[in-house]
Amino acid sequence: MCLWRRPRHRCRPSLPALQPLGLASQASGCRGWPGHWQAQSHLCLSQPRSSGRLLLWAAACVALRLSTREAGSCYTPPASEIEVLSRRGLAIGAAAAASLDVLPARAILGLFEGPKVVPYTMPGVFNISMPPDYVLKKSAPGLLAWQGDRIQPVEVMTAKSKAVDFASLAEALGSNATEVGERMAKVRPAVRVNSTTEATLVEALVDPAGSGLDIYQFEWISDFIHELKLYALVKGEGKNYLCSVNLRTAALLWEDRQELFRSIMASFAPLETQPKREAAAAAPA
């Protein structure tokens, strides 16, 4: 029967997580704790080879400081040493914050990257951007169509343009956007192909981005489909074009899709500079 038991070292620092980074201290056990504190000081004050590794060095310093708290009964550094290390730690933190302005956003662990989109052009009229996983199913003069979620057949996105004689949306659709939206709500696409249903108007906006363009944006909901649609009167190549962008999804998926859908609508951009809506309204007929 073995009566020997391996002694426990409560204050022995556990730093295996820092070894892959080459930052682990050589300290071990209570007797070597002052050496560990010196190793920590040397570690925190060492100059990193690149600004990109600065955050890793700062994290290593924090981990080592936490390990000293766990083993506080073994060694308490003098107040003067704590003050010096605190000042140096603040300097390192300031340098880490400054490095964020130098490194591109994607270099910092992939944070702050915007959603990836693919731009599409309606020739001679406007640009619109879609997520890369939306498959372009049809491209014809005046028509672009995408399939969104392949599992959801109702997720069909379209962009259209048609030359018209109207000079504004007020002439083409009506001057009151809310009344136009309520009228269109009575006949909306249904789940079955080539069928319609009645929907409820959720929102009707005029120039939602405040860009001065002649734009109406509507949001409708029916029993199974939630829809966001944009109409715009765009001038291009000496003609007036009635343009539309239509985004649809299953009603149950709207909470997950609405932010993406609104960002798609915000990407709508005419190819030519357009007269401001206020100026166009004030111009004589």
Side-chain angles (χ1 to χ4, degrees), residues 104-106 109-164 173 181 184-185 187-203 205 208-209 211 213 215-234 236-237 239 241-272:
R106 65 175 59 90
L109 304 180
L111 297 178
F112 311 115
E113 290 186 359
K116 296 181 180 179
V117 294
V118 178
Y120 294 88
T121 299
M122 184 67 69
V125 190
F126 65 88
N127 285 333
I128 191 73
S129 296
M130 293 286 173
D133 54 339
Y134 282 20
V135 180
L136 182 64
K137 304 293 289 186
K138 187 173 184 180
S139 178
L143 172 64
L144 296 173
W146 298 265
Q147 178 68 52
D149 190 336
R150 299 179 183 181
I151 302 177
Q152 298 292 334
V154 300
E155 283 202 353
V156 178
M157 322 301 171
T158 60
K160 299 179 181 180
S161 68
K162 179 177 66 173
V164 295
L173 303 177
M184 292 183 173
V187 183
R188 302 311 311 154
V191 175
R192 294 179 58 186
V193 179
N194 298 325
S195 62
T196 60
T197 185
E198 186 172 353
T200 300
L201 176 66
V202 177
E203 186 176 56
L205 301 175
S211 57
L213 299 176
I215 291 177
Y216 292 170
Q217 182 172 296
F218 303 106
E219 181 182 340
W220 297 287
I221 184 172
S222 62
D223 292 339
F224 301 102
I225 296 178
H226 208 120
E227 186 177 6
L228 195 65
K229 189 161 188 175
L230 176 148
Y231 285 96
L233 203 292
V234 174
E237 299 180 342
K239 300 179 181 179
Y241 287 91
L242 179 61
C243 309
S244 66
V245 178
N246 193 15
L247 310 175
R248 300 189 303 163
T249 188
L252 294 177
L253 298 178
W254 174 250
E255 292 298 325
D256 296 331
R257 300 286 195 271
Q258 60 173 329
E259 184 177 352
L260 173 62
F261 280 12
R262 297 188 193 282
S263 67
I264 292 173
M265 291 304 193
S267 72
F268 177 88
L271 296 181
E272 296 184 9

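Predicted, not measured: the structure shown is a model, and the values here were computed from it. Computed over heavy atoms, backbone and side chain alike; hydrogens, waters and symmetry mates excluded.
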> Does the pair L247 and I264 meet the rule for a side chain to side chain contact (heavy atoms under 4.5 Å, CB included), with working shown?
Replying inline: CA-CA 9 Å; L247 310 175; I264 292 173; 4.0 Å; yes
> Yes or no on side chain to side chain contact (heavy atoms under 4.5 Å, CB included) for V234 and L271, after CA distance, side-chain angles and deciding distance?
Replying inline: CA-CA 9 Å; V234 174; L271 296 181; over 6 Å; no
> How far apart are the closest heavy atoms of A163 and K239, and which atoms are they?
Replying inline: CB-CD, 4.4 Å
> Can you list every pair that meets salt bridge (charged side-chain N to carboxylate O under 4.0 Å, His left out) and has a residue in residues 190-203, with sequence neighbours left out?
Replying inline: E203-R262
>> What I'd like to find out is whether the side chain of M265 reaches to under 4.5 Å of the side chain of P208, using heavy atoms alone.
In response: no
>> Working note: M130 + V117, criterion side chain to side chain contact (heavy atoms under 4.5 Å, CB included); need CA distance, chi angles, decisive distance, verdict.
In response: CA-CA 5 Å; M130 293 286 173; V117 294; over 6 Å; no
> Please, which pairs that meet side chain to side chain donor-acceptor pair (under 3.5 Å) have at least one residue in residues 118-129, sequence neighbours excluded?
Replying inline: T121-N127
>> Using every non-hydrogen atom in the two residues, find where E237 and G124 come nearest and quote the distance to one decimal.
In response: OE2-CA, 3.6 Å
>> Under the rule for ring pair (Phe, Tyr, Trp, His ring centres under 6.0 Å), what residues qualify as partners of F268, not counting sequence neighbours?
In response: F126
>> Just to verify, what does F218 make a ring pair (Phe, Tyr, Trp, His ring centres under 6.0 Å) with, not counting sequence neighbours?
In response: W220
> Are side-chain heavy atoms of V125 and C243 found at a separation under 4.5 Å?
Replying inline: yes
>> Quick test of your reading: applying salt bridge (charged side-chain N to carboxylate O under 4.0 Å, His left out), list the pairs with at least one residue in residues 220-230, sequence neighbours left out, ordered by first then second residue.
In response: R188-E227
> If you look at every heavy atom in I128 and S267, which pair is closest and at what distance?
Replying inline: CD1-OG, 3.5 Å
>> Is there a side chain to side chain contact (heavy atoms under 4.5 Å, CB included) between Y134 and L260? Walk through the geometry before answering.
In response: CA-CA 12 Å; Y134 282 20; L260 173 62; 3.5 Å; yes
> What are the two closest non-hydrogen atoms of L230 and A232, and how far apart are they?
Replying inline: CD2-CB, 4.1 Å
> Would a 4.5 Å heavy-atom cut-off, applied to side chains only, mark K162 and V164 as touching?
Replying inline: yes
> K160 versus Y241: any side-chain heavy-atom pair under 4.5 Å?
Replying inline: no
> How many angstroms lie between OG1 in T158 and NZ in K138, if you round to the nearest 0.5 Å?
Replying inline: 11.0 Å
> Between OG of S244 and CD1 of I215, what distance do you get to the nearest 0.5 Å?
Replying inline: 12.0 Å
>> Quiz question: by atom type and distance under 3.5 Å, do the side chains of H226 and Q258 form a donor-acceptor pair?
In response: no
> So, do W254 and E219 sit near enough that their side-chain heavy atoms are less than 4.5 Å apart?
Replying inline: yes
> At their closest point, which heavy atom of L228 faces which heavy atom of Q217, and how far apart are they?
Replying inline: CD1-NE2, 4.0 Å
>> I need the full list of side chain to side chain donor-acceptor pair (under 3.5 Å) pairs touching residues 142-157, with sequence neighbours left out, sorted by first then second residue.
In response: D149-R257, E155-T249, E155-R257
>> If I compare all heavy atoms of A185 with all of L201, which pair ends up nearest, and what's the gap?
In response: CB-N, 4.2 Å
> Rounded to the nearest 0.5 Å, how far does CG of N246 lie from OH of Y231?
Replying inline: 7.5 Å
